[in-house]
Amino acid sequence: MNKYRTHKCNELRKEDVDKKISLSGWINKKRDHGNLLFIDLRDNYGITQCIIDKDNKYFSELEKMQLETVIKVEGKVVNRSKETINSEIDTGEIEVVIEKHEILGTCKELPMPVFSDQEYAEEIRLKYRFLDLRRKKIHENIILRSKVISYIRNEMTKLGFLEFQTPILTSSSPEGARDFLVPSRLNPGKFYALPQAPQQFKQLIMVSGFDRYFQIAPCFRDEDARADRSPGEFYQLDLEMSFVEQEDVFNVVEKLMVNTFKNFSTKKLMFDKFPKISYKEAMLKYGTDKPDLRNPLIVNDITEIFTREDVSFEIFKKLVKSGSKVRCIVTKNTKDKPRSFFDNIDKWAKEEGASGLAYFTFEKDKDISAKGPIGKFFSQDALAEIMKKTNCEIGDKCILEKLKIDLNLRPQNLSFETYYKLALEYEKLRS
RNA sequence: GGGGGUGUAGCUCAGUUGGUUAGAGCGAUCGCCUGUCACGCGAUAGGUCGAGGGUUCGAGUCCCUUCACUCCCGCCA
């Protein structure tokens with residue numbers, strides 16, 4: 001029998017009642033009732049409630065024990081009464097009556113609590129990384145990553161790919177990002193680069209006649225961090241295939257990604273197959289080559305409106321006559337936004353080099369009308385036509401940019417400003 | 001490299017217009033409590049208010065310098 005445990009902390013069930021068992025783990029939480037003490041014992045797998053009362057000679061010793069002390073407990077599995085069942089944990093129908101215990105590892109006062117959902121600054125989390133990694137969510141994330149990587153390896157192997165390793169010290173390769181450099185001892189004044197991607201090596205593998213390559217490769221890039229982008233190092237699935245066309249590559253990646261998310265996420269997938277959007281279409285319709293299709297922002301071309309007799313917005317009409325386009329975005333449910341919100345966007349747009357924004361809100365009393373600085377230039381029919389073209393509703397706001405700028409409604413994960421900037425970039429690309 | 005934000009107890013944070021002794025929750029220590037699962041109740045300890053300088057009768061609070069962290073821009077497959 002194993003010296004430390006007969007079971008893991010997620011294993012015991014009703015069927016184990018009356019068994020003599022032993023568990024080893026960390027004291028996750030204590031609830032001390034004075035003459036009765038509950039100890040939640042935690043290991044990698046789960047939590048088991050252990051209980052001891054004052055008749056046991058170890059009571060006072062356990063009562064004083066710090067959270068996160070590592071102990072082995074021996075005892076008997078008992079049923080919990082109906083009212084005291086805890087459905088939150090796997091072992092919630094039973095508890096372990098402690099008969100004996102042994103301290104396997106003591107600890108000092110904790111610099112940060114393990115049992116807590118509180119957010120902590122990165123600084124403190126990294127300083128006490130071993131405690132951070134014990135916390136439920138982080139611990140689960142690490143386990144998830146392990147499982148995902150293992151799954152991907154397995155799938156790639158099944159698809160006939162061979163996994164390769166490539167050197168970490170190399171010479172610089174011509175990707176865009178700055179390289180991390182490592183001084184060379186044997187060649188003073190010269191440096192190795194850490195690979196941003198194993199480009200050269202995988203090409204070597206491919207020309208050597210290995211048919212399908214993959215590697216879950218560390219990628220080093222000496223670029224500044226962002227909230228969603230760790231500095232320095234991350235991992236990517238890198239793959240190469242011989243004697244294939246674009247569709248063959250798509251098929252592998254699409255299947256792998258969809259299946260990975262189906263297996264490991266509870267979130268609903270919008271697509272079983274990746275929607276395919278050409279670069280040109282994406283830039284025209286969304287103003288970016290990575291549109292957020294959960295909340296797509298459509299750039300509408302309403303140039304035609306400015307050829308109508310019943311539209312009197314002369315500046316735009318003139319420009320349209322000389323070949324300019326007018327595009328607009330619709331911002332949903334913005335009728336209650338204060339004037340200052342749009343003034344700020346307008347100000348920002350000007351700072352970014354635009355000539356300014358025009359906007360109005362669609363309203364309906366008896367007739368459709370447009371409220372806003374330029375609203376008065378449009379007839380009811382013209383407004384109805386814009387609504388039809390842009391698929392917008394009463395209460396939405398229509399933001400126009402003459403000439404050069406395409407705008408989009410802000411998706412959830414991008415600021416309006418960022419999105420606007422992308423639109424500007426798009427225009428640069430086109431001109 | 002540029003801009004913004006933050007820095008107060010071990011942790012998370014509050015602190016009014018510059019005004020007496022800088023607070024709370026969690027954690028720690030001590031005491032009480034036999035059915036909790038964020039157990040409960042009471043008490044105690046714990047502070048260079050990031051650091052340095054300045055203004056002021058008086059600075060956690062205002063100003064300057066500096067450091068750290070963080071977010072954004074630049075940069076980045």
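Per chain, numbering begins at 1; letters A, B, ... match sequence-line order.
A:Q199 comes within 4.0 angstrom of no nucleic acid atom, judged by non-hydrogen atoms across all strands.
Distance NZ (A:K30) to P (B:rG27): 11 Å, rounded to an integer number of Å. For the pair A:Q66 CD and B:rA28 C1', the computed distance is 7 Å after rounding to whole Å. Atom P of nucleotide B:rA38 and atom CD1 of A:I47 are separated by 10 Å, given to the nearest angstrom. Rounded to whole angstrom, the span from the CD1 atom of A:I52 across to the C1' atom of B:rG35 amounts to 15 Å.
In this structure, the side chain of A:R178 engages the main chain of A:D222 through a donor-acceptor pair within 3.5 Å. A distance-only check finds a donor-acceptor pair linking the side chain of A:N56 to the backbone of A:I98 [under 3.5 Å]. The backbone N or O of A:I85 sits nowhere less than 3.5 Å from a side-chain atom of A:R80 that would complete a donor-acceptor pair. Side-chain N or O atoms of A:D16 include one that pairs as donor or acceptor with a backbone N or O of A:R13 at under 3.5 Å. Listed for the A:H139 side chain is a donor-acceptor partner under 3.5 Å among the backbone atoms of A:L133. Side chain of A:K72 to backbone of A:K3: a donor-acceptor contact under 3.5 angstrom is found. At distances below 3.5 Å, not a single donor-acceptor pair connects side-chain atoms of A:T166 with backbone N or O atoms of A:P198.
Applying the side chain to side chain contact (heavy atoms under 4.5 Å, CB included) rule to A:Y45 yields the partners A:R5, A:K8, A:N10, A:D43; only residues at least two apart in sequence or on another chain are considered.
Interatomic distance, A:K30 NZ to A:L37 CG, rounded to the nearest 0.5 Å: 6.5 Å.
Between B:rG31 and B:rA24, the two C1' atoms lie 23 Å apart (nearest whole Å). B:rU8 sits 15 Å from B:rG60 when the P atoms are compared, rounded to a whole Å. Between B:rC32 and B:rU17, the two C1' atoms lie 46 Å apart (nearest whole Å). B:rC57 sits 16 Å from B:rG18 when the P atoms are compared, rounded to a whole Å.
Between the side-chain ring of A:H33 and the base of B:rC39, a stacking contact exists by the 5.5 Å and 30° definition.
A residue-by-residue look at A:E223 and A:E109 shows that A:E109 has its nearest nucleotide of RNA chain B further toward the 5' end. Between A:L110 and A:K54, the residue anchored nearer the 5' end of RNA chain B, judged by the nucleotide with its closest heavy atom, is A:L110.
The shortest distance between side-chain heavy atoms of A:V78 and A:I94 does not fall below 4.5 Å.
Between A:S184 and A:Y192, the shortest heavy-atom distance links the atoms CB-CE1, 3.9 Å.
A cation-pi contact, defined as under 6.0 Å to the ring centre and within 45° of the axis, is absent between A:R125 and A:Y120.
Between the side chain of A:R226 and the base of B:rU70, no donor-acceptor pair of N or O atoms lies under 3.5 Å. Contact annotation: side chain of A:R221 to base of B:rC75, donor-acceptor pair absent below 3.5 Å. Between the side chain of A:R229 and the base of B:rC76, a donor-acceptor pair under 3.5 Å is found.
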Legend entry - Which nucleotides of RNA chain B pair, in dot-bracket form (Watson-Crick or G-U under 3.5 Å, | meaning another strand): (((((((..((((.....[...)))).(((((.......))))).....(((((..]....))))))))))))....

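Residue A:R31 places at least one side-chain N or O under 4.0 Å from the OP1 or OP2 atom of B:rC39. The phosphate of B:rC39 has OP1 or OP2 within less than 4.0 Å of a side-chain N or O from A:K29.
Of the residues in residues 243-261 of chain A, not one places a heavy atom less than 4.0 Å from an atom of RNA chain B. Applying a 4.0 Å cut-off to non-hydrogen atoms, the residues of residues 112-131 of chain A that approach RNA chain B are A:F115, A:Q118, A:E119, A:Y120, A:A121, A:E122, A:E123, A:I124, listed by residue number.
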Legend entry - nucleotides 40-46 of chain B: protein proximity per nucleotide (B base, S sugar-phosphate only, - neither; heavy atom, under 4.0 Å): -------

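The aromatic ring centroids of A:F164 and A:F201 lie 6.0 Å or more from each other.
Looking at A:V70, A:T69, A:L62 one by one, the single match for side-chain contact (heavy atoms from CB on, under 4.5 Å) with A:I103 turns out to be A:T69.
Sorted by first and then second residue, the pairs that involve residues 250-276 of chain A and meet ring-ring contact (aromatic ring centres under 6.0 Å, His included), not counting sequence neighbours, are A:Y151-A:F264.
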